[in-house]
Amino acid sequence: MKELIDRALDHASAQRATYADIRIVRQETQFVLVKNGTVEQVSLGDEIGFGVRALVDGAWGFASSHRLSASEVDAVTDQAVRLAKASARVHQRPVRLGEPVRSRGTYKTPLAIDPFQVPLEEKISLLLAADEAMRRRPQISVASGNLVCIRDHKTFGNTEGAYTEQELVQTGAGISATATGEGEVQRRSYPNSGGRNQVCEGYEFVLRQDLPGNAQRVAEEAAMLLTAKQCPTGATTIILDGSQIALQVHESCGHPIELDRVFGAEAAFAGTSFLTTDKLGSFMYGSDMVNMTADATLPGALGTFGWDDEGVPAQRINVVRHGRFVGYLTDRESAAKLELPGSMGAARASGWNRIPLVRMTNVSLEPGTWTLDALMADTNDGIYMETNRSWSIDDRRLNFQFGTELAYEIKSGKRGAPLKNATYTGITPAFWRSCDAVCNADHWIAWGTPNCGKGQPSQTMHTGHGAAPARFRNVRVGVAS
Amino acid sequence: MIGEAALKTAAERVLQLARDHAKRGEGHGNPHQPDQQQAEVVLIGNDSSLTRFANNEIHQHVAERDVTVHVRVAIGKQVGSASGNGLDDDTLRSVVERAGVVARLQRQNPDFPGLPGPFLIPSPGQADPTATSTTDEGKRPDSKEAPPRVSRSTANSGGAPGTTASAQSTLDATPEARVTRAGIVCRRAQEAGFVAAGACSTSALETVVANSLGTLGYHAGTHARLLAVVGGATSSGYSVRQGADFASLDAEAVAEEATSKAEGGRDPDDIEPGEYDVVLEPYAAEDLIRFIAALGLQGRALLEKTSFAAEQLGQRVLSEHVTLHDDPLDPTGLVQPFDYEGVPKRSLTLVNQGVVQAVTYDSLTAAKAGMQTTGHALLGAGSSGPVATNLRLQPGRFSRDELIRKIERGLLVTRFWYTRSVHPLSVTVTGMTRDSTFLIERGEITRPVKNLRFTQSYVKALQQVLGVGAEPLLVGDSYGSPIRTPALAIQGFTFTGKSEY
């Protein structure tokens, strides 16, 4: 690997690249899908490739290939240089990268149980056991479970002297039950929506979820929702469970703090941001209860690594402190543009064939002081919502609407009747300013969002979000169609 | 491009490796007989480039070369899958062995009907002596008959025999040529006091599907797209042009459409949410068609009872103005002659004047439903279902201005953004308007208005169609396949929230 890396960097430098880097990535995957008692899919993936970035005449070029050979490295580097030179023809300001990055070292995701060493039969049996438990409810038309393991071997080098090797492991698992009847379709998922929760841990994570142990409850809740009351329409107090808070944070904070987005780099696709640079340090994003961080060192979380895809070390920063907006996610180029001391290490590429973009690492709502029971008891009238079902937000990250799988009335501090088709909507800063309570660390979980989309060509990134339940006042619910 | 011969050779090598692996398995005391085993290989060669711009300059410029190998091995009803990338023997062997190991460890899937076929797809330009044959989908693997030869010309909506989906201009497109087109958009935007963002992309995709029953098909296609968002402080506009042919991408037209929409959308007024009649430009109409097909008109949704079309086949569920096809052989679109199981594709009418006529199946869902595959197998996890990938809404007879004149008071919507399903049965979707929305009063556009959020059942919307435009456009960008659709006028579209911009 080192020889190919050095070759690419030397080749780029010889062609007047003022900066170049190369990533070689091998990704192994394992995926098991069980549905209605059958093992629908078991697949093993193993792909490898490399990508070279070159900065020439102040502009970027990037080329990639699956063929690892000296001649291909030369050809791909030539291509990256050519693309950079072509870019420079329609370019207004030379790219600056700030201080050099010379990180060296190795990093491996800490694991108790290597998920790739766990026999497939054991994984299949686990999911089938959960599946069987869910299908005991006659209303369940679809019971499904899935399990994924991913291992990325990443080697990175740049012309400034950085050289890092990482072995990053992810494990994810989940179940869901879809009930049909009474002219309705309702689904319950565990431990998270979107099929599963996913983290940077080993198989110990899967065992902790106890999928078979939760299967019966999941099915019962799905069936119950068929005849539950419709979520009412109006403005009320809501308490969101931690998994829904995680997605709320992802959409309404994680994305608008991507500094490349703020500078317009995503205007053609994912959009821009309402958190313009004049707001840094002064804008009240939320209430005094709201503290948010971006932390790529968070143990076990999905956005944790040793170095980002520009070789910048993983780090933790404050994003919102007592409601005040104080920090962006950055890469080297965007940090230099804002004249920050350096990148905070959020340059991430989804694979060897994609450039690094500013992506979330682990963007979290820090825990508060409440227990969930106390928070419920303290809420006279409202709705408790759990597990995301739908999500939508505008291209500046202001107007949003979310739906959850399950909700309950809160009446006089007690959990009441279940509600179906719960939705809530709002405008981001008004919503976070209405937050008046956050649950404590006992309720705080590092949730994973393995399906974050950005970029052209598109990239799917895996991001983490720590969150505990929280309460919001005067929120519009029950959006009628 | 890698080339037909090289890819077919690799596919045949994979099948040979699979046969060898099966024999070795039997030799090690494995209870399965080699003739119980089936194997399938899908090879995809991808050579693509993208020139991306923002703030009137090129800020990202990327290129990619890859070839992926996807193998399924079935031992009776035990199916294993594996994938890799590369055509070298070590990679092919590794993929085959992993798929075989998984198949041996697997549980039986009683729903697995066996691999479909065999089918032989003529190479582009190859004459087909059996041009009168019809497809013989869903043949059982133990059939002793000679594999039927399927002519694209008999199985399509009018494409010429040997029609190629590859345009030389796309294969030859250079970084400099893409930069030139991007530059045209940036200059036009800058002259108007706006900033342009967008992407100019070119790609060549080669696909081979082969299986142990004798299916073998090769297809090469190109795709070129120029997309632009032009905007300023208070407005933005959008445009996209795409097809197989890079030379036909009209950068001036894209620049003009996006810029003039941004100009017209300057300083929008507030508007209250509520129910409005709407004219949806093709970019917005696309979203309704995509969701209706993906959530309702595919076999998995029917089987899982989440589709609005369940027990409604043959009945009028949508407006009589709605006729929707899946047209994979349309030479003006992005041609796909076969699916990822090698089943030949043909034009399929999903909705005919509002009557739900058909849904899409792959071999697995077809077998479960007691139907024939319609050639809509996707690659990899089938959890999203066998969705249509070449949707075409039949044009009507109204110009855009005539559709607008139908509206007493309503909205002209350029496109929808971040749309997500709220409820699958009614295909209730929420999302935002984007890139300029305009008030229509007494049949005329009067002023721009700020963005709105909608929450709307798309089934209901397509039941309330006032008119269908005459001029279709191939639309769609990053997610899903392009769709060809004209504009739509719809009565009573529900907007549930408003934006401050």
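The chains referred to below are lettered A, B, ... by the order of the sequence lines, with proteins before strands, and numbering in each begins at 1.
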[X] versus chain B, the contacting section by heavy-atom distance below 4.5 Å:
| X | result |
| --- | --- |
| A:Thr180 | side chain |
| A:Leu398 | side chain |
| A:Asp395 | both |
| A:Val39 | both |
| A:Ser141 | side chain |
| A:Ala63 | both |
| A:Ser125 | both |
| A:Leu120 | side chain |
| A:Arg53 | neither |
| A:Arg354 | side chain |
| A:Leu83 | both |

| task | Walk me through it: do B:Gln106 and B:Lys77 pass the test side chain to side chain contact (heavy atoms under 4.5 Å, CB included)? | result | CA-CA 9 Å; B:Gln106 254 278 45; B:Lys77 290 184 180 291; over 6 Å; no
Toward chain A, the part of [X] with a non-hydrogen atom under 4.5 Å:
| X | value |
| --- | --- |
| B:Asp435 | neither |
| B:Gln108 | neither |
| B:Ser48 | neither |
| B:Arg453 | side chain |
| B:Leu105 | both |
| B:Thr430 | both |
| B:Arg178 | side chain |
| B:Val71 | neither |

Check this for me, if you would: do [X] and [Y] make a salt bridge, where the nitrogen-to-carboxylate-oxygen distance has to be below 4.0 angstrom?
| X | Y | result |
| --- | --- | --- |
| A:Glu405 | A:Lys420 | no |
| A:Glu333 | A:Arg96 | no |
| A:Arg26 | A:Glu47 | no |

Among the listed options [options], the residue most often paired with chain B at heavy-atom distances under 4.5 Å:
| options | value |
| --- | --- |
| A:Trp60, A:Trp352, A:Trp391, A:Phe274 | A:Trp391 |
| A:Pro119, A:Gly181, A:Gly51, A:Ala265 | A:Ala265 |
| A:Glu121, A:Arg67, A:Gln30, A:Glu28 | A:Glu121 |

| Hey, mind stepping through A:Val475 and A:Phe431 against side chain to side chain contact (heavy atoms under 4.5 Å, CB included) and telling me if it holds? | CA-CA 7 Å; A:Val475 178; A:Phe431 177 77; 4.0 Å; yes
Can you see whether [X] engages [Y] through a side-chain donor-acceptor pair at a distance of less than 3.5 angstrom?
| X | Y | value |
| --- | --- | --- |
| A:Arg389 | A:Gln186 | yes |
| B:Glu304 | B:Thr306 | no |
| A:Ser176 | A:Ser144 | yes |
| B:Asn451 | B:Glu500 | no |
| A:Asn451 | A:Thr460 | no |
| B:Thr437 | B:Arg415 | no |

| task | Given side chain to side chain contact (heavy atoms under 4.5 Å, CB included), test A:Glu266 with A:Gln456 step by step and report yes or no. | result | CA-CA 9 Å; A:Glu266 281 294 316; A:Gln456 290 168 311; 5.9 Å; no
